[in-house]
Student: 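Pasting in a structure now, in structure tokens, and then I'll have a few things to ask.
Since the model is a prediction, treat every value here as computed from it, not as a measurement.
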Amino acid sequence: MLGWFFLSVVPGWLGAEGTAFDVSMWSIGKSVLIFLGVPLAAGALTRLSLTRFKGEDWYEKKFLPRLGPTALLGLLYTIVLMFAMQGEKLTRLPLDVVRISIPLLIYFGIMFTSAFFLSRRLGFSDEETTSLSFTAAGNNFELAIAVAVGVFGMASGETLAGVVGPLIEVPALIALVYLSLWLKRRLFPESGSPVLPHRFSDNNIVKGHSAPPTPEGAR
């Protein structure tokens, strides 16, 4: 639905020629089912079966720490494979990469700042505001790449657009981290000062240490 909207409808608003979008919902659904549904089902079955036979404590403290590194290896393998398949286009068509990157950077900036100031206006704390802002600016590029690969193929231009997404997302989100720290100092100055207990006054705090409370009879 979104693909049809952005490829067929939005270009007409901008005076450009639209692109015919003829992809069955089953093709998209099959890609989502394979790339997301199968890992989800495998993870759920693994947890249910192992916690039943070995216990929750063993699963959390023994199994997960051993399985965790395989997720990083799988992610690195996927990234290497994607850039290996699209590396020639990334180096041969740098202007296309820039054209894809510009709207993504604009999107990150608009979504993050609008969510940040809206959350601040609604009275959320610094931690809540920052979390909401990064959630709003985040993208499911993994799902987009999965659909592009399943429907159009690994070497397609659609997959190239999906691969550029994570390439831009990482430096963009790092920049937004520094922006959030700057906004925190400007809009949440109180969050940087610890709140002292009521029983401590300025007079009995010396070099970070609190003096013992004065007995009532000595006053």
Side-chain angles (χ1 to χ4, degrees), residues 1-11 13-14 16-40 43 70-116 118-119 130-181:
M1 188 66 179
L2 289 176
W4 170 82
F5 177 73
F6 285 111
L7 292 176
S8 301
V9 178
V10 173
W13 296 349
L14 303 176
E17 184 177 353
T19 303
F21 186 75
D22 184 19
V23 177
S24 67
M25 292 301 296
W26 167 241
S27 298
I28 298 176
K30 181 174 64 176
S31 300
V32 175
L33 181 64
I34 293 174
F35 285 92
L36 295 183
V38 172
L40 176 62
T70 61
L72 179 59
L73 293 176
L75 177 61
L76 291 175
Y77 171 77
T78 304
I79 293 174
V80 170
L81 182 63
M82 288 190 306
F83 284 106
M85 297 294 292
Q86 294 291 337
E88 189 269 338
K89 287 185 178 180
L90 291 173
T91 56
R92 183 170 56 87
L93 303 171
L95 291 180
D96 285 356
V97 175
V98 173
R99 289 171 57 195
I100 296 171
S101 304
I102 291 174
L104 289 174
L105 292 173
I106 295 173
Y107 169 83
F108 287 131
I110 292 176
M111 293 301 295
F112 182 87
T113 54
S114 59
F116 196 99
L118 179 60
S119 301
T130 303
S131 177
L132 289 170
S133 302
F134 277 103
T135 301
N139 275 276
N140 292 322
F141 282 117
E142 297 81 4
L143 178 58
I145 294 171
V147 172
V149 170
V151 176
F152 302 103
M154 177 64 81
S156 64
E158 290 81 3
T159 303
L160 173 64
V163 170
V164 172
L167 186 65
I168 299 303
E169 183 182 28
V170 174
L173 292 183
I174 292 176
L176 291 177
V177 169
Y178 286 99
L179 176 61
S180 67
L181 293 174

Student: Would you name the heavy atoms of S101 and V97 that are closest together and state the gap between them?
Tutor: OG-O, 2.6 Å
Student: Under the ring-ring contact (aromatic ring centres under 6.0 Å, His included) rule, collect the residues that match up with F108, sequence neighbours excluded.
Tutor: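 Here no residue qualifies.
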Student: State, to 0.1 Å, how close A115 and S133 come at their nearest heavy-atom pair, and which atoms those are.
Tutor: C-OG, 3.7 Å
Student: Distance-only check: which donor-acceptor pairs under 3.5 Å involve side-chain atoms of residues 168-179, not counting sequence neighbours?
Tutor:
none

Student: Just jot down the side chain to side chain contact (heavy atoms under 4.5 Å, CB included) partners of I34, sequence neighbours excluded, or say none.
Tutor: K30
Student: Please list, chain by chain and in numerical order, all residues satisfying side chain to side chain contact (heavy atoms under 4.5 Å, CB included) with L73, sequence neighbours excluded.
Tutor: none
Student: How long is the straight-line distance from CD1 of I100 back to CG of L95, given to the nearest 0.5 Å?
Tutor: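 Reported value, rounded in 0.5 Å steps: 11.0 Å.
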Student: Check A137 against F112 and note the closest heavy-atom contact, atom names and distance.
Tutor: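 Looking at all heavy atoms of both residues, the closest pair is CB-CB, 4.1 Å.
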Student: Mind checking side chain to side chain contact (heavy atoms under 4.5 Å, CB included) for T130 and listing every partner two or more places apart, or none if nothing turns up?
Tutor: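 Checked T130 against side chain to side chain contact (heavy atoms under 4.5 Å, CB included); matches are F116, D126, F134, S180.
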